[in-house]
Amino acid sequence: MQRKAIIILILFIAAGIVALAVWKWTFKKSDISMASKKADVEIEAGILTQAFESNEEDANAKYLGKVIVVSGVISVISEEGQDISVYLKKDGDLSGVMCTFSPGTVDTNRIKVGNTVKIKGICDGYLMDVKLNKCSLEK
Amino acid sequence: MKKIFLAFLSIGLFQIAGAQKFIAKNGHIWFYSYTPIEVIEAHNRQVVSILDAATGDLQFNLLVKSFEFKIALMQEHFNENYMESDQYPKSSFKGKIMDPDKIDVEKDGVYPASVSGDLMLHGITKTVTTTGTLEIKGGSITAKAKFTVSPKDYNIEIPSLVENNIAKSIDIHVDVTYTLPQ
């Protein structure tokens with residue numbers, strides 16, 4: 001009798017663990033880091049910005065919510081709380097691409113003003129500049 | 001560097017003539033939806049706002065996709081099913097501070113302010129009125145306010161299955177720090 005109770009208890013715990021794992025998996029599934037996601041588009045920062053400047057609607061249809069690898073020159077690095085943002089803009093261009101990294105995901109030694117970098121992120125749209133979120137630095 | 005950046009912004013994008021237009025580039029707007037079943041919270045720290053201290057004109061712009069949720073699936077639902085952010089990527093507010101004369105940007109202090117204007121979200125524009133505070137400290141202004149919106153007013157349909165998980169009125173909090181472009 002006692003043995004039966006123990007088996008039932010073990011079964012319950014096992015079921016609980018499975019349920020928890022499934023729960024975690026469903027809710028975290030789209031949270032996998034950008035670094036492991038395949039890019040939809042690879043583009044130069046200036047060209048991407050120009051696309052939004054000249055026709056925002058078309059650019060939205062093309063790039064919104066897409067994983068984009070953007071290459072460009074770092075013009076400003078800013079820190080807001082835990083977030084680090086890198087602004088890719090060439091001298092003389094009106095606006096550029098603002099790439100925001102999740103806290104603690106960027107090696108700050110690798111980002112310096114004036115450096116040319118490749119950054120992968122999700123395109124949120126255009127608001128004074130093109131916004132990329134959940135960014136990661138490409139090799 | 002930041003000053004140069006802001007100066008560039010002011011010249012390039014707003015053609016600001018007067019010295020009274022304050023700009024915020026990393027404003028914070030977040031919302032809460034409380035129900036006994038679920039608490040939903042999302043933050044957007046990339047809100048752009050302009051405040052004209054002389055006239056009281058106030059404008060906010062944000063990208064819907066920049067709202068971050070703790071749970072990725074919620075964020076997905078928010079964008080795809082409720083806000084339809086592919087179709088309506090932006091949300092904005094254009095309004096006025098009722099009595100800008102009472103606010104002296106030269107003098108540090110906390111000033112109460114009432115604001116009224118048009119809130120556009122999910123492609124629908126409605127008038128919103130609220131009160132908040134403006135804190136002036138060493139030339140920068142921090143604006144804080146709270147108001148509520150009802151998803152129904154903005155044609156956001158919530159399926160009956162999750163009807164009780166999402167509040168009928170959602171609290172929206174604003175916390176934006178402006179500086180004068182130089």
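Each chain gets a letter, A, B and so on, in the order the sequences are listed, and its residues count up from 1. FYI, side chains are in, hydrogens and waters are out, and symmetry mates aren't considered; it's all heavy atoms of this structure.
Taking a 6.0 Å sphere around CG of A:L11, one finds it holds more than 12 heavy atoms contributed by other residues, nucleotides or ligands. Environment of CZ in A:R3: sparse, with no more than 12 heavy atoms of neighbouring residues, nucleotides or ligands closer than 6.0 Å.
Residue contact with chain B, scored on non-hydrogen atoms closer than 4.5 Å, is absent for A:E57. Contact of B:Q46 with chain A is made through backbone and side chain together, with heavy-atom distances under 4.5 Å.
Salt-bridge formation is detected for the pair A:E42/A:K118: a Lys NZ or Arg NE/NH1/NH2 atom is positioned less than 4.0 Å from an Asp or Glu carboxylate oxygen.
Taking B:D86, B:N79, B:V64 one by one and counting their heavy-atom pairs under 4.5 Å with chain A, the maximum is reached by B:D86.
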Exercise for review: May I have the step-by-step check of side-chain contact (heavy atoms from CB on, under 4.5 Å) for B:K168 and B:K152, ending in yes or no?
Suggested key: CA-CA 8 Å; B:K168 300 279 175 283; B:K152 215 175 70 200; over 6 Å; no
